[in-house]
Amino acid sequence: MAETVASRLSATGTANALELRGVSRHFGALVALADISMTVRPGERRAVLGSNGAGKTTLFNCITGDFAPTTGTIRLFGEDVTAFPPYERIRRGLRRTYQISLLFTGLSVLDNVYLACRGVSRGRFSLIRPRRNDALLQSAHDLVDAVHLTPVRDTLVANLSYGQQRQLEIALALAGAPRFILFDEPAAGLSPTERRELIDILTGLPEHIGYMIIEHDMDVALRVAERVTMMHNGRIFKEGAPREIEEDPEVQELYLGGGHGGH
Amino acid sequence: MAVIEEAAPRAVRWWDVSRIPVQYYVLGVILLILPAISGDFVLRQIFSWAMILGMISLSLMFLAGYGNMVSLVQMTVAGVAAYMVAIFGTSAIDTISFGWPWWVAAPLAVLVAVVFGTLSGALAVRTEGIYTIMITLAIAAAMFYLVRQNYTLFNGFSGLNQVRAPVFLGVDWRAPVPFYYLTLVWAVLAYFAVVYVSRSPFGLALQGVRDNARRMAALGFNVTAHRITAYAFSSLIAGIAGVLLVWLNGQVSPGTIAVGPAIDILIIAVVGGLAHPIGPFLGAILYVLLRTFALDVLVAFGLGGERFQLLIGLGFLVIVFFSSDGILGLWRRYRERARRDPVTGEARDG
């Protein structure tokens, strides 16, 4: 027991935020992920690029535990979480957003955010209604405010616009004390204005919060990330600084569609 | 539809009675003075029975409405409590009954029912939709055959009879009026417990699981544990109703927990409406009225009285046909139409 505590403590200090070793995932005969190894430092902001079917979302699903990898180990802040259910990983500071919003459409905006705050704190089974000055309720209010949703706070999520749902999706990932967040195409379908707001939110996150972002829009991806991982056919194809990746001829051939080169 | 109460213009206290909607006062007064204006038969066989069935259906409404878990095991949970009251307490079969006092037998019976319901839930929660229905139906059927074939504990086909509600505080709770108030108190408690819990962190989380179980796991919730806990809570309500049921009928037999009654509970909840805890009680009163008077109506029209099930079925068919969300849905649509301006079709205030 003491050993676990000690390793947990050291984990928070120096260990990598995320460490994948030989992670692969098969769906029957289909190899969605093949032997992925990668390391993300604490506080690092990483973009994951790749065409459709490159395995980006599968990678996220393995990291959050939505499904187990076929082989390999996943370490979160130094701790081996490969066999952990999703909620145990979330309670250790991992968060994620979904490509297609997964929200609680039958509840209000505030209730959605309140649930997110409650999920990473104690009293999940409490039968006592929160008081008006409840600390969690207060932080839920603050989060709603932070993503500019206060005017629709009491609206049922089913009645929100697409852009508002995307913002709420992000608010849910920011609840509690996140340490590492996985953003799955947060900018998809947003208007140019909403995109700018999103970039502001991402770049404005506290320094100790690292994240990994899947993004098709190169402008967004290269602006919010310090390092880029290119994926192709379930493998890591290239990894490097945004500029290197952008200028890499192989990457341009594969992903940027060589033809438009030279911008 | 502000669900978590937010800052109101002035401080509102929970004891501030002016916050209570007027409908509650009207209904409350009617229910309280009912014994003065109705006979024993109506009190026992209509209202007490309807409130007990309403509680069992309420336990289903909690699971189905807030958790999207359609359980057919709720009548069985109530039946387990009913059997346990007869076994732990006193009945005509004194070779089986332990003869313990009611204040031991009744709470213990509820406890056994909660354990039974929680275990059933633990089996059922890993499935979704139609498979949950099938598993809970299988448990209900298995329990029915167990009590029918087991004579050492459940006295088989004939069950246990002469189970009496206790005499306590100088009141014979078996008499129609005290028993009516007893069921009223428990039904009201169960109703407000569900209303209150639905807005608690646990109830909210259950609704989150209903809307999106995968996201709940990604927010740090143990979805399976929440679902099982919901079964435990609903079993508490069904168990209390089961104790009242055996006191009302004076007996419990395999017929009490047969597949037919189990499905009746589902019908009551669906016909009443799964959107709000009042729905099951509306469904239950309709069901009991049809059960009680369908026979007379048929005979009055010169038809065979044994066809009363036909009339019940038709009644439910009509309601579900016009409103897929039950009586509650009918009421809601009527209110929306009443609020609409007849000329422009626009919603009016107030």
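Numbers restart at 1 for each chain; the letters A, B, ... are given by sequence-line order, proteins then strands.
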Atom pair CZ/CZ of A:Arg124 and B:Phe202 - distance to nearest 0.5 Å:
13.5 Å
Heavy atoms of B:Val195 and A:Arg129 approach each other most closely as O-NH2, 2.9 Å
Counting heavy-atom pairs under 4.5 angstrom with chain A, the leader among B:Val197, B:Asn222, B:Leu206 is B:Asn222
Under 4.5 Å, counting heavy-atom pairs only, tell me which of A:Thr64, A:Asp66, A:Val120 racks up the most with chain B.
A:Asp66
Using side-chain heavy atoms (C-beta onward) and a distance below 4.5 Å, is A:Tyr98 in contact with B:Asn212?
no
Looking at B:Arg333, I'd like to know if its CZ atom is crowded, meaning that more than 12 non-hydrogen atoms belonging to other residues, nucleotides or ligands lie closer than 6.0 Å.
yes
So, do B:Pro201 and A:Pro130 sit near enough that their side-chain heavy atoms are less than 4.5 Å apart?
yes
Donor-acceptor pair, side chain of B:Arg215 and main chain of A:Phe104, under 3.5 angstrom:
no
Could you report the tightest heavy-atom contact between B:Gly220 and A:Ile90, atom names first, then the distance?
N-CG2, 3.5 Å
Quick one: does B:Met216's side chain get under 4.5 Å of A:Tyr87's, heavy atoms only?
no
So which bits of residues 225-241 of chain B come within less than 4.5 Å of chain A, counting non-hydrogen atoms only?
B:Ala225, B:His226, B:Thr229
Should A:Asp111 and B:Arg199 count as an ion pair when the cut-off is N to O under 4.0 Å?
yes
Counting heavy-atom pairs closer than 4.5 Å to chain B, which one of A:Ile128, A:Leu94, A:Thr155 comes out on top?
A:Ile128
